[in-house]
Number of protein chains: 2
Amino acid sequence: MKQNGSDNKLISGRLETAGVIPTAQRIAIYRYLLCEANHPTAEEIKTWADKNFPKLSLATVYNTLNVLIEANLLKEVKVPHEAKILYDSNISYHHHFLDEDSGELVDIPSELVEVTSTLAKEFQVHDIQVLMRGKRQKTRTQH
Amino acid sequence: MKQNGSDNKLISGRLETAGVIPTAQRIAIYRYLLCEANHPTAEEIKTWADKNFPKLSLATVYNTLNVLIEANLLKEVKVPHEAKILYDSNISYHHHFLDEDSGELVDIPSELVEVTSTLAKEFQVHDIQVLMRGKRQKTRTQH
DNA sequence: TTTTAATAATAGAATAATTCTAAAATTAGA
DNA sequence: TCTAATTTTAGAATTATTCTATTATTAAAA
Ligand SMILES: [Mn+2]
Ligand SMILES: [Mn+2]
Ligand SMILES: [Zn+2]
Ligand SMILES: [Zn+2]
């Protein structure tokens, strides 16, 4: 999952399809979001870039994130415990589990969660976001 | 719902029960949250205070909000479209509907929403937050 | 190829929300 | 009252993000 080479054409293609000019910086950031990171902050992306893509500026991190959001390739997530915005490269409909111990945000496929609501009909719901909070049981090793 | 007088002993009592010294500023802010406002921002509280409680400082708004949160009399809510934190005086378990037109956040009693999840058993869920987004149908006047 | 125009990247300044600091005011108990 | 603890306050500091103005890169036109 850390190999840079072969992914790049694919990622470049996705950017073009979405109407985004695939610059080196955008490809690098989008690949990091898709292949390496899990709901990172802008700061985490910058830290990664400092190691892997020298000279990439913080302004470009934010510019790129906003371009990707505008192109519907990325979504923002705001979580209770964290002041910073998290960026989510999973744009399919899904929910989240927030691990209270580690702070990690885990994707939950929408198929695993069923939401039934009986609101007054004046409420026309277009989207439902479920955030589950809790702890992850340390998996006991089978012997 | 705008009358100041009679609520105050009750509110003062609630603060004391929660271990919070009921100062005039705290009573005023907490009453505004309970009786007048709907998920206000700190800025909205300050604007209200400027009209109704002269000399109350912005620092006191934030201090008081954080004291109330610490005392479990208030909860923070972060919504997608808004950079500022919203403060929720409804501390019972409930969900939210975000009106995409007005930006208004509406409380949804938990009884109206059923969430069923089939996560792997390693996920121990302690809390579920549901945010529904959509539009509110203008109620057609009956004649 | 050059030339040109459009777009993107960059450093650093600016903004906006919230927190911190240090001093003055208030409160509650001795 | 006196005292100690707590709260309020103004303004400075911090933090995340956006903006600005300049330079660099890209893509299209000549
Ligand atoms: Mn992260
Ligand atoms: Mn509000
Ligand atoms: Zn996600
Ligand atoms: Zn609420």
**Prompt:** What nucleotide among C:dT18, C:dA9, C:dA17 has an atom nearest to a side-chain atom of B:Lys84?
**Reply:** C:dA17

**Request:** Send over the distance from A:Asn63 CG to C:dA11 P, rounded to a whole Å.
**Result:** 12 Å

**Complete:** Per nearest nucleotide of DNA chain D, the residue lying toward the 5' end, B:Pro54 or B:Ile21, is B:Ile21

**Asked** Whole-Å distance between C:dA9 C1' and A:Leu56 CG?
**Response** 8 Å

**Message:** Need to verify one output field. Residue with the more 5' nearest nucleotide on DNA chain C, B:Ala83 or B:Ala24?
**Reply:** B:Ala83

**Request:** Give the intermediate values and the outcome of side-chain contact (heavy atoms from CB on, under 4.5 Å) for residues A:Leu131 and A:Leu105.
**Result:** CA-CA 9 Å; A:Leu131 175 63; A:Leu105 193 67; 4.0 Å; yes

**Asked** So B:Asp101 and B:Lys138, side-chain contact (heavy atoms from CB on, under 4.5 Å) or not? Walk me through it.
**Response** CA-CA 11 Å; B:Asp101 291 327; B:Lys138 323 268 171 277; 4.1 Å; yes

**Request:** Please lay out, stage by stage, how A:Gln129 and B:Gln129 fare under the test side-chain contact (heavy atoms from CB on, under 4.5 Å).
**Result:** CA-CA 8 Å; A:Gln129 291 173 229; B:Gln129 290 173 230; over 6 Å; no

**Message:** Without decimals, in angstroms, what is the distance between A:Ile45 CD1 and D:dA16 C1'?
**Reply:** 14 Å

**Closest nucleotide among C:dT18, C:dT10, C:dA9 to the A:Arg26 side chain** = C:dA9

**Message:** Among C:dA8, C:dT10, C:dT19, which nucleotide has an atom closest to any side-chain atom of B:Tyr62?
**Reply:** C:dT19

**Asked** Under 4.0 angstrom, heavy atoms only, what part of the nucleic acid is B:Glu43 near: base, sugar-phosphate, or nothing?
**Response** nothing

**Prompt:** Touch check for B:Thr23, heavy atoms < 4.0 angstrom, all strands: base, sugar-phosphate only, or nothing?
**Reply:** sugar-phosphate

**Prompt:** Does a nitrogen or oxygen in the side chain of A:Asn66 sit under 4.0 Å from OP1 or OP2 of D:dT18?
**Reply:** yes

**Asked** In whole angstrom, what separates B:Asp50's CG from D:dA10's C1'?
**Response** 14 Å

**Request:** Measure from CZ on A:Phe53 to C1' on C:dA8 and round the result to the nearest Å.
**Result:** 12 Å

**Message:** What is the separation between atom CD1 on B:Ile29 and atom C1' on D:dT9, rounded to the nearest whole Å?
**Reply:** 13 Å

**Message:** Any carboxylate oxygen within less than 4.0 angstrom of a Lys/Arg side-chain nitrogen, looking at B:Glu44 and B:Lys84?
**Reply:** no

**Message:** Which residue is it: A:Arg136, A:His39, A:Met132, A:His96? I am looking for the one with a side-chain contact (heavy atoms from CB on, under 4.5 Å) to A:Val106.
**Reply:** A:Arg136

**Prompt:** Given C:dA9, D:dT9, D:dC19, which nucleotide is nearest the side-chain atoms of A:Ala59?
**Reply:** D:dC19

**Message:** From C-beta outward on A:Ser57, which listed nucleotide comes closest to its side chain: D:dT17, C:dA11, D:dT8?
**Reply:** C:dA11

**Request:** Take atom CG of B:Leu65 and atom P of C:dT18, then tell me their distance rounded to the nearest Å.
**Result:** 9 Å

**Message:** So, does B:Gln25 get its side chain near the phosphate of C:dT26, meaning an N or O under 4.0 Å from OP1 or OP2?
**Reply:** no

**Message:** Please report the distance, rounded to the nearest Å, between CD1 in B:Ile69 and C1' in C:dT19.
**Reply:** 13 Å

**Request:** Could you work out which one of D:dT7, D:dT9, C:dT18 sits closest to the side chain of B:Ala42?
**Result:** C:dT18

